[in-house]
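All figures in this text were calculated on a predicted structure; none of them were measured in a lab. For reference, positions follow the sequence shown, starting with 1.
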Amino acid sequence: MATGAPLTPIDTVPPAETLVDFPDNRLLIDLCGPYDRNLTAIESALEVQIVRRGNHLAILGTQDARARALEIMNALYLRLESGRDVEPGDIDRELRMGGGSDDARRPMRGDQMEMPVGHKVEIKTRKKPVEPRTEAQKAYVQSLFENELAFGIGPAGTGKTYLAVAVGVSMFIGGHVDKIILSRPAVEAGEKLGYLPGDMKDKVDPYMQPLYDALNDFLPGKQLAKLVEEKQIEIAPLAFMRGRTLARAFVVLDEAQNATTMQMKMFLTRLGEGSRMVITGDRTQIDLPRGQPSGLQDAERLLKDIPKISFNYFTSKDVVRHPLVAAIIEAYEADTQSG
């Protein structure tokens with residue numbers, strides 16, 4: 001079979017089994033993964049059985065399940081042929097979104113950035129490419145490239161902040177913005193942390209650590225440290241944004257459900273020429289004092305009909321952390337509804 005060609009079944013015996021040929025045995029080994037863990041993940045999700053026979057794989061199961069497994073393995077094999085690895089997250093993405101064309105690309109209208117379209121959406125960063133793993137994530141990433149102000153609202157673990165930071169890094173290294181500014185309200189999550197030691201940076205850094213974690217995934221450590229030192233990347237509490245005009249910057253406000261209405265208005269009006277702003281939050285995890293309205297909810301109500309402001313929503317089905325996180329979120333949602 002020609003390299004790069006989609007995989008096709010070479011035999012069907014009996015109707016409940018599909019036998020697939022792979023031309024490169026080395027890539028087949030990578031496709032299967034250590035101790036066949038990749039095949040096991042596909043088997044578990046689709047209720048099929050996959051058996052290795054030399055450089056063939058036999059897929060056993062219902063016709064629809066076999067076709068779906070074949071589609072996913074085809075997409076993963078083409079990924080390996082292009083020189084990329086197959087990680088558990090790649091399998092999860094294919095299971096959620098299905099196989100498809102990997103090379104449809106066009107420039108965004110009104111912008112000079114190259115933005116993948118079609119089935120695959122890929123964000124380029126210094127350390128690794130990042131691909132959405134659900135349809136909601138894909139629509140969210142596209143809206144971040146298309147809109148100057150975008151909201152991502154949904155439960156924990158759905159990639160709202162992670163993808164926003166990835167897009168920010170991509171736009172920064174592409175020269176579309178001059179700096180990245182990441183912010184959070186410094187609100188205690190139900191705990192009294194007392195007076196933290198150290199200077200101002202030492203006091204606020206614990207609140208900002210999730211933002212550092214995301215940046216470390218996309219930029220080499222030395223480069224990140226240099227960019228922070230030169231203030232091309234800023235990570236600061238929301239209160240530090242007052243009075244500034246943020247021009248040619250990619251700006252992210254994380255945990256926005258903990259911003260007050262006045263703080264949210266202050267932050268949104270910092271948007272300057274050539275900048276992009278992303279607001280992320282989870283309406284179910286508000287840590288403001290009882291009776292204090294959330295600025296995220298007010299912004300959603302007031303801005304939802306304004307053109308060029310996008311709102312993207314996530315549910316427990318978009319959780320890409322440990323599978324138990326989705327189950328935990330669903331359990332709490334069910335309890336809230338029953339109460």
Side-chain angles (χ1 to χ4, degrees), residues 84-85 87 89-90 93 105 107-108 111-117 120-134 136-152 157-184 205 207-238 241 244 246-256 267 270-281 310 312 314 320-321:
R84 292 178 290 175
D85 296 329
E87 302 292 340
D90 302 314
R93 181 183 60 256
R105 298 174 185 271
M108 293 294 291
D111 207 328
Q112 298 302 310
M113 289 177 291
E114 286 289 319
M115 173 63 189
V117 295
K120 298 292 184 184
V121 172
E122 189 175 87
I123 308 165
K124 302 288 188 182
T125 73
R126 284 278 186 253
K127 290 178 76 172
K128 64 179 182 180
V130 179
E131 297 176 60
R133 288 164 58 177
T134 71
Q137 285 191 351
K138 176 183 172 183
Y140 175 59
V141 169
Q142 289 175 325
S143 74
L144 297 186
F145 279 99
E146 293 169 358
N147 296 281
E148 293 179 346
L149 177 57
F151 286 76
T158 50
K160 305 180 298 295
T161 304
Y162 190 81
L163 291 171
V165 174
V167 171
V169 169
S170 176
M171 294 183 68
F172 175 77
I173 63 180
H176 305 290
V177 295
D178 294 335
K179 62 170 58 179
I180 299 171
I181 300 174
L182 309 178
S183 185
R184 274 183 150 201
D205 270 0
Y207 295 103
M208 307 295 123
Q209 191 57 49
L211 301 175
Y212 284 107
D213 292 343
L215 284 169
N216 277 314
D217 264 10
F218 307 134
L219 290 167
K222 289 184 179 179
Q223 183 183 14
L224 174 57
K226 183 181 181 195
L227 291 171
V228 170
E229 182 181 354
E230 295 174 349
K231 296 191 177 299
Q232 289 181 282
I233 293 180
E234 295 183 43
I235 302 178
L238 175 58
M241 296 295 109
R244 300 183 63 182
L246 307 177
R248 282 195 58 79
F250 191 94
V251 190
V252 179
L253 175 61
D254 188 32
E255 298 289 342
F267 187 80
R270 301 307 93 199
L271 185 65
E273 188 71 26
S275 287
R276 304 251 172 168
M277 186 174 282
V278 185
I279 315 294
T280 69
S310 69
N312 290 84
F314 301 87
V320 292
R321 287 182 188 164

(request) For residues Val251 and Arg270, determine if any side-chain heavy atom of one lies less than 4.5 Å from a side-chain heavy atom of the other. (result) no
(message) Are the side chains of Glu146 and Ser310 in contact, using a 4.5 Å heavy-atom criterion?
(response) no
(request) Return the set of residues passing salt bridge (Lys or Arg N to Asp or Glu O under 4.0 Å) with Arg184 (not counting sequence neighbours), or none when no residue passes. (result) Asp254, Glu255
(message) Can you tell whether the side chains of Glu131 and Arg84 come within less than 4.0 Å, N to carboxylate O?
(response) yes
(request) Could you check if a side-chain atom of Leu144 sits within less than 4.5 angstrom of a side-chain atom of Arg276, using non-hydrogen atoms only? (result) no
(message) With heavy-atom distances below 4.5 Å as the criterion, would you say the side chains of Val130 and Val141 are in contact?
(response) no
(request) Show your working on salt bridge (Lys or Arg N to Asp or Glu O under 4.0 Å) between Lys128 and Glu87 and close with a plain yes or no. (result) CA-CA 12 Å; Lys128 64 179 182 180; Glu87 302 292 340; over 6 Å; no
(message) Run the salt bridge (Lys or Arg N to Asp or Glu O under 4.0 Å) test against Lys127 and tell me which residues pass, sequence neighbours left out.
(response) none
(request) Apply the test side-chain contact (heavy atoms from CB on, under 4.5 Å) to residues His176 and Phe250: give CA-CA distance (whole Å), side-chain angles for both, the deciding distance (0.1 Å), then the verdict. (result) CA-CA 9 Å; His176 305 290; Phe250 191 94; over 6 Å; no
(message) Just so I know, are the side chains of Val320 and Tyr162 near enough to count as touching, which here means a heavy-atom distance under 4.5 Å?
(response) no
(message) Are there over 12 heavy-atom neighbours, none belonging to Glu229, within less than 6.0 Å of that residue's CD?
(response) no
(message) Is it true that, when you exclude Glu148 itself, more than 12 heavy atoms of the residues, nucleotides or ligands shown sit nearer than 6.0 Å to its CD?
(response) no
(message) Would you say that Ile279 contacts Phe267 through its side chain, given a criterion of any heavy-atom pair below 4.5 Å between the two side chains?
(response) yes
(request) Report yes if some heavy atom in the side chain of Leu215 is under 4.5 Å from a heavy atom in the side chain of Ile235; otherwise report no. (result) yes
(message) Evaluate Thr280 against Tyr140 for side-chain contact (heavy atoms from CB on, under 4.5 Å), listing each step before the verdict.
(response) CA-CA 11 Å; Thr280 69; Tyr140 175 59; 3.4 Å; yes
(request) Using a 4.5 Å cut-off on heavy atoms from C-beta on, say whether the side chain of Met241 contacts that of Leu253. (result) no
(request) Using the test salt bridge (Lys or Arg N to Asp or Glu O under 4.0 Å), find all partners of Asp213 that sit at least two apart in sequence or belong to another chain. (result) none
